[in-house]
A.B. asks: 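Let me give you the structure first, and then I'll get to my questions.
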Amino acid sequence: MRVRVAASLAALASLALLSAAPAAPVAAAGSGSSAAGDTGLRAAARPTGVRIGTAVDMTALADDATYRAAVAREFSTVTPENVMKWEAVEPERGVYDWAAADRLVDFARANHQTVRGHTLVWHSQNPAWLREDAFTPAELRAILRKHIIDEVSHFKGRIWHWDVVNEVFNEDGTPRDTIWLRNLGPGYIADAFRWAHQADPQAKLFVNDYNNEGINPKSDAYYALVRQLKAEGVPVDGYGIQGHLAVQYGVPGDILANLRRFEALGLQTAFTEVDVRMLMPADPVKVQAQAQGFTAMLQACLLSRRCVSYTLWGFTDRYSWVPGVFPAEGSATPMDENFAPKPAYYALRDTFTLAGR
Ligand code: XIL
């Protein structure tokens with residue numbers, strides 16, 4: 001089906017906007033009723049073969065029944081927003097706490113969803129005990145190796161994709177200056193992939209970053225890295241595009257070409273953290289631009305051959321990370337604080353529906 005979507009997608013943006021008016025069916029679907037299940041994103045995506053996902057906030061999943069029902073109903077893959085990060089799983093050195101992450105993996109299994117593991121190697125949200133000045137480079141290498149092997153082993157067989165390395169390049173394509181680069185040198189990336197593969201040979205292993213949607217110095221750096229890793233036989237399987245856009249910066253124009261060059265290297269691709277924020281307050285033009293941002297990335301995914309998933313970084317403004325991190329910005333997800341769908345929600349659903357015909 002995916003080879004035939006090109007023609008239909010040409011007329012898509014206008015169709016999606018036209019169909020944005022009705023707000024009733026999904027807004028009322030907090031109960032998780034089967035009627036809603038027939039019309040949600042998950043059902044629309046199924047015939048395309050591309051999984052639709054969301055980041056999951058574990059506090060909301062525990063406390064908010066409307067949220068919980070929507071995660072089950074609307075999505076076929078889930079990503080822990082925070083609970084698989086290093087500071088969450090090993091807050092004290094040598095003392096693991098897998099409880100919250102296990103709850104998500106159990107929830108996903110109960111709802112026939114896959115899990116994107118996020119993330120093994122990063123410069124952010126590391127535990128306080130992981131102080132660079134407290135360890136030698138050799139110790140840091142052993143610590144990183146143990147972290148990767150222990151975490152991937154704990155979830156072995158239950159993780160679809162791992163974001164093995166997250167945000168390892170700067171915008172200009174130079175390697176990001178992190179505790180790992182400084183102490184282990186650039187070879188830490190290949191090591192991380194080898195260790196993860198050793199611990200779970202079935203999991204698909206991804207690089208992941210933001211501002212890498214189109215062709216630019218950062219995505220060029222990933223292209224060179226991945227080509228090199230492949231040439232060396234390093235087990236890298238996927239290129240992850242976070243997809244954190246903002247309407248005031250516009251949408252990169254060459255997303256599809258970027259996906260295709262990575263896929264030509266033999267990689268899968270995935271949109272891993274999509275949201276489209278705006279300067280507040282929202283207005284109709286921003287809301288329309290937002291829908292176009294979401295659909296531009298989904299169209300690229302559906303038009304390429306090996307894009308396997310499209311994950312939102314939260315689906316409701318009630319729990320979005322955006323207002324807490326970007327001053328004066330918000331409204332970044334396809335549903336408002338009361339779970340009412342915005343034009344972006346219908347645009348995504350209609351895009352999947354067209355592609356699945
Ligand atoms: C964010 C979470 O959404 C927040 O709750 C947390 O406070 C900080 O991290 N890129 C990533 C994600 O890879 O892990 C980040 O998630 C958002 C940016």
Side-chain angles (χ1 to χ4, degrees), residues 53-64 67 71 75 77-91 97 100-101 103-104 115-128 130 147-148 151 155 159-171 175-176 178-180 189 192 196 204-213 218-219 221-222 238-246 249 252 269-278 293-294 297 309-327 329-335 337:
T54 186
V56 176
D57 174 330
M58 293 310 293
T59 306
L61 194 74
D63 297 348
D64 183 336
Y67 179 87
V71 173
F75 302 101
T77 182
V78 290
T79 305
E81 185 167 359
N82 287 300
V83 297
M84 283 187 193
K85 293 172 182 175
W86 198 337
E87 67 175 5
V89 299
E90 195 184 6
D97 180 0
R103 275 198 294 281
L104 180 65
V115 179
R116 298 197 79 262
H118 177 81
T119 178
L120 296 171
V121 187
W122 199 18
H123 59 275
S124 183
Q125 292 184 275
N126 287 326
L130 186 59
H147 163 65
I148 292 174
E151 175 147 16
F155 296 108
I159 300 292
W160 184 42
H161 296 167
W162 269 111
D163 289 333
V164 176
V165 296
N166 198 34
E167 303 177 351
V168 297
F169 286 110
N170 299 310
E171 316 314 306
R176 188 192 282 266
T178 69
I179 182 173
W180 310 118
I189 294 177
K204 296 293 182 198
L205 306 182
F206 279 66
V207 297
N208 192 51
D209 214 321
Y210 59 90
N211 286 350
N212 64 341
E213 300 87 7
K218 196 188 234 184
S219 63
Y222 276 100
Y239 178 64
I241 294 176
Q242 294 181 5
H244 295 293
L245 300 187
Y249 305 137
T269 56
F271 289 85
T272 59
E273 307 184 10
V274 178
D275 53 19
V276 185
R277 61 190 190 271
M278 60 188 73
F294 275 104
M297 289 186 277
S309 61
Y310 180 99
T311 290
L312 306 172
W313 207 242
F315 61 94
T316 166
D317 293 338
R318 184 177 289 255
Y319 303 111
S320 169
W321 72 305
V322 166
V325 172
F326 300 93
E329 295 183 64
S331 195
T333 78
M335 291 187 186
E337 294 85 352

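Count residues from 1 along the sequence. Computed from a predicted structure; not experimentally measured. For ligands, and for the atoms within them, numbers begin at 1 and follow the listed sequence.
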A.B. asks: Within 45° of the ring axis of F206 and under 6.0 Å from its six-membered ring centre, is that where the NZ or CZ of R116 lies?
C.D. replies: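 Pair R116/F206 counts as cation-pi.
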A.B. asks: Return the closest protein heavy atom for atom 6 (C) of ligand 1 as residue, atom name and distance.
C.D. replies: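 Protein heavy atom at minimum distance: N82 OD1, 3.4 Å.
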A.B. asks: What atoms of ligand 1 come within less than 4.0 Å of a heavy atom belonging to H244?
C.D. replies: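 By the 4.0 Å cutoff, the relevant atoms are 18 (C).
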A.B. asks: Does any N/O atom on W321 come nearer than 3.5 Å to any N/O atom on ligand 1?
C.D. replies: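 Not met; the criterion fails.
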A.B. asks: For ligand 1, note which part of V325 has a heavy atom under 4.0 Å away: side chain, backbone, both or neither.
C.D. replies: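 No part of V325 comes within reach of ligand 1.
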A.B. asks: Looking at ligand 1, is there an atom of it that comes within less than 4.0 Å of some heavy atom belonging to W313?
C.D. replies: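 The answer is yes: ligand 1 sits under 4.0 Å from a heavy atom of W313.
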A.B. asks: Would R277 pass as a cation-pi partner of F326, given that its NZ or CZ must be under 6.0 Å from the six-membered ring centre and within 45 degrees of the axis?
C.D. replies: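 Output yes; distance and angle both within limits.
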A.B. asks: Please work out which of K85, M84, E273 has its closest non-hydrogen atom nearest to atom 1 (C) of ligand 1.
C.D. replies: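 Of the listed residues, K85 has the closest heavy atom.
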A.B. asks: Find out whether T54 and T79 are in side-chain contact, i.e. whether some heavy atom of one side chain is under 4.5 Å from a heavy atom of the other.
C.D. replies: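 Heavy-atom side-chain distance check fails, nothing below 4.5 Å.
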A.B. asks: Out of all atoms in ligand 1, which are within 4.0 Å of some heavy atom of E81? Include the element for each.
C.D. replies: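 Heavy-atom distances to E81 below 4.0 Å select 2 (C), 3 (O), 4 (C), 5 (O).
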A.B. asks: Is there a donor-acceptor contact under 3.5 Å linking the side chains of N208 and E273?
C.D. replies: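 Present: a donor and an acceptor within the cut-off.
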A.B. asks: Is the distance from the ring center of H123 to that of W180 below 6.0 Å?
C.D. replies: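 Centroid distance H123-W180: not below 6.0 Å, so no.
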A.B. asks: Any side-chain heavy-atom pair from L312 and P334 closer than 4.5 angstrom?
C.D. replies: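 Yes, side chains in contact.
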A.B. asks: Find out whether T272 and S309 are in side-chain contact, i.e. whether some heavy atom of one side chain is under 4.5 Å from a heavy atom of the other.
C.D. replies: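 T272 vs S309: side chains apart.
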A.B. asks: Checking a contact table here: which protein heavy atom is nearest atom 8 (C) of ligand 1, and how many Å away?
C.D. replies: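 Looking only at protein heavy atoms, the one closest to atom 8 (C) of ligand 1 is Q125 OE1, 3.3 Å.
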A.B. asks: Please work out, at 4.0 Å between heavy atoms, whether the side chain, the backbone, both, or neither of D163 comes within that distance of ligand 1.
C.D. replies: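 Contact part for D163 vs ligand 1: neither.
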A.B. asks: Relative to ligand 1, is W122 under 4.0 angstrom through side chain, backbone, both or neither, heavy atoms considered?
C.D. replies: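 The answer is the side chain of W122.
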